[in-house]
Amino acid sequence: MPEGHTIHRLARDHRMWFAGRRVVVTSPQGRFDAAPGLDGSRLEDTEAFGKHLLYRFSRGRWIHIHLGLFGRLTTSATPKAPPRDTVRLRLANRDWYADLVGPTRCALIDAADRAELLARLGPDPLRAESRPSAAWARISHSDQPIAALLMDQRVLAGVGNVYRAELLYRSGLDPHLPGRELREEQWLELWEDLRRLMRAGVRANRIVTTRRNDRERVTGRVRSEDATYVYGRADEPCRVCGTLVRVTDLMDRRLYWCPTCQN
DNA sequence: GCTAAATGTTGAT
DNA sequence: TCAACCTTTAGCT
């Protein structure tokens, strides 16, 4: 679930449903200490930076959430169901409640913490003010493979294992190509494609990277098995050339790619 | 019922 | 490079 598009979608939805109103903040699991201090105060706004979600409260306080690999934030309409015992944080008002489960991080932070967080993130393709040059400065001087650079949140904020594999497939680039061997115009094309893919991801609230004509079924809702070119398709035939999709370990993550289309 | 795997990050060796 | 952390689910038995 959680790459940048998920977080931006949550920020957008929660701004609509929770911002500008008082919110009941509880921690059914008991592991979020700040809950009592914030409980009943007004949520001013939500923000998304890469995979980080922030809820702004008065007096320079934010709840900082990072879902990590298995975290989930689900929102439902009232009446409230009793929380399961793993719910770290529940935000609620009269109409809605959101339950956070299994996050890597859920903490109360101040303006300095927030500034520190933003300072260590690369440009987020989903934010209007982001510029690709900020990432290019690092990529163009790095010996790291482009597949590793794309997932490095200091280089680029919000890209995860699915988008990086799919982006590289769509561009025809070998994932192992060192950053310094990429040409600037290739990088700018990657950036544009990322924006396109991730914006579509926010809209649909899911990742779909296949072009219409490359799907087995062209009409109707995109089936999950048709949504990607290479991610999660190890040993299945490439949709374009038929070569078996390969999976390799790169920096402890599974990297999917087509050795024929990407070189 | 058990195990492994999953769209992630941090901090120690 | 490796382990730790956070939880759910799919695929076994």
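Throughout, protein chains are lettered first and strands after them, A, B, ... in sequence-line order, and every chain is numbered starting at 1.
Partners of A:R217 under the side-chain contact (heavy atoms from CB on, under 4.5 Å) rule, at least two apart in sequence or in another chain, are A:R223, A:D226. The side-chain hydrogen bond (donor to acceptor under 3.5 Å, both in side chains) test applied to A:D39 returns no partner, not counting sequence neighbours. Shown here are the side-chain hydrogen bond (donor to acceptor under 3.5 Å, both in side chains) partners of A:R9, two or more places apart in sequence or in another chain: A:D13. Remark: A:W257 pairs with A:H176 by the ring pair (Phe, Tyr, Trp, His ring centres under 6.0 Å) rule, at least two apart or across chains. Partners of A:D113 by side-chain contact (heavy atoms from CB on, under 4.5 Å), not counting sequence neighbours, listed by chain and number: A:I109, A:D110.
Pairs passing the ring pair (Phe, Tyr, Trp, His ring centres under 6.0 Å) check and including a residue from residues 226-251 of chain A, sequence neighbours excluded, read A:Y169-A:Y229, A:Y231-A:Y256. Residue pairs meeting the ring pair (Phe, Tyr, Trp, His ring centres under 6.0 Å) criterion with at least one partner in residues 23-45 of chain A, sequence neighbours excluded, do not occur; the list is empty. Contacts classified as side-chain hydrogen bond (donor to acceptor under 3.5 Å, both in side chains) and involving residues 133-143 of chain A (residues at least two apart or in different chains) are given here: A:R131-A:S133, A:D143-A:R180.
Taking atom CE of A:M251 as the reference point, atom P of B:dG8 lies 12 Å away to the nearest angstrom. Here B:dT9 presents its P atom at 12 Å from CG of A:L156, a figure rounded to the nearest Å. Taking atom CG of A:D249 as the reference point, atom P of B:dG8 lies 14 Å away to the nearest angstrom. Following rounding to the nearest Å, A:I7 (CD1) and B:dG8 (C1') show an atom-to-atom distance of 11 Å. The separation between A:R154 atom CZ and B:dT9 atom C1' is 11 Å, rounded to whole Å.
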### Task
Verify salt bridge (Lys or Arg N to Asp or Glu O under 4.0 Å) between A:K51 and A:D124, making sure each step is shown before the conclusion.
CA-CA 9 Å; A:K51 300 171 190 168; A:D124 175 350; over 6 Å; no
### Message
Does A:V222 form a side chain to side chain contact (heavy atoms under 4.5 Å, CB included) with A:R206? I'd like the steps, not just the answer.
### Response
CA-CA 11 Å; A:V222 179; A:R206 63 185 290 216; 4.0 Å; yes
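Note on ring orientation: taking the six-membered ring where Trp is involved, the planes of A:H14 and A:W17 are tilted (angle from 30° to 60°).
As judged by a 4.0 angstrom heavy-atom cut-off over every strand, A:R206 is placed among residues making no nucleic acid contact. Residue contacts for A:E166: at a heavy-atom cut-off of 4.0 Å it reaches no nucleic acid atom on any strand shown.
Summarising the geometry of A:N93 relative to A:R22, their closest heavy-atom pair is CB-O, 3.9 Å, with the distance given to 0.1 Å.
Rounded to a whole angstrom, the distance from the C1' atom of B:dT10 to that of C:dT8 is 22 Å. Comparing B:dA5 with C:dA3, their P atoms are spaced 15 Å from each other, to the whole Å. Distance check on atom P: C:dG11 versus B:dT7 gives 15 Å, rounded to whole Å.
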Detail all sub-3.5 Å separations between protein N/O atoms and N/O atoms belonging to nucleotides 10-13 of chain B.
residue: B:dT10; atom: OP1; partner: A:R120; partner atom: NH1; Å: 3.1

Listed pairs, N/O of protein and of nucleotides 3-6 of chain B, under 3.5 Å:
residue: B:dA6; atom: O3'; partner: A:Y231; partner atom: OH; Å: 3.0

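For the segment residues 74-92 of chain A, residues with any heavy atom less than 4.0 angstrom from an atom of DNA chain C are, sorted by number, A:R84, A:T86, A:R88.
You can see that DNA chain C meets the heavy atoms of chain A within a 4.0 Å-exclusive cut from C:dC2 to C:dT9, reading 5' to 3'.
Between A:H64 and A:Y55, the distance separating the two ring centers is not shorter than 6.0 angstrom.
Listed pair A:Q153 / B:dG8 fails the phosphate criterion, with no side-chain N or O lying under 4.0 Å from OP1 or OP2. In this structure, A:K51 reaches the B:dT9 phosphate: one of its side-chain N or O atoms is under 4.0 Å from OP1 or OP2.
Grouping the Ile, Leu, Val, Met, Phe, Trp and Tyr side chains by contacts below 4.5 angstrom, directly or via other members, places A:M251 apart from A:V159.
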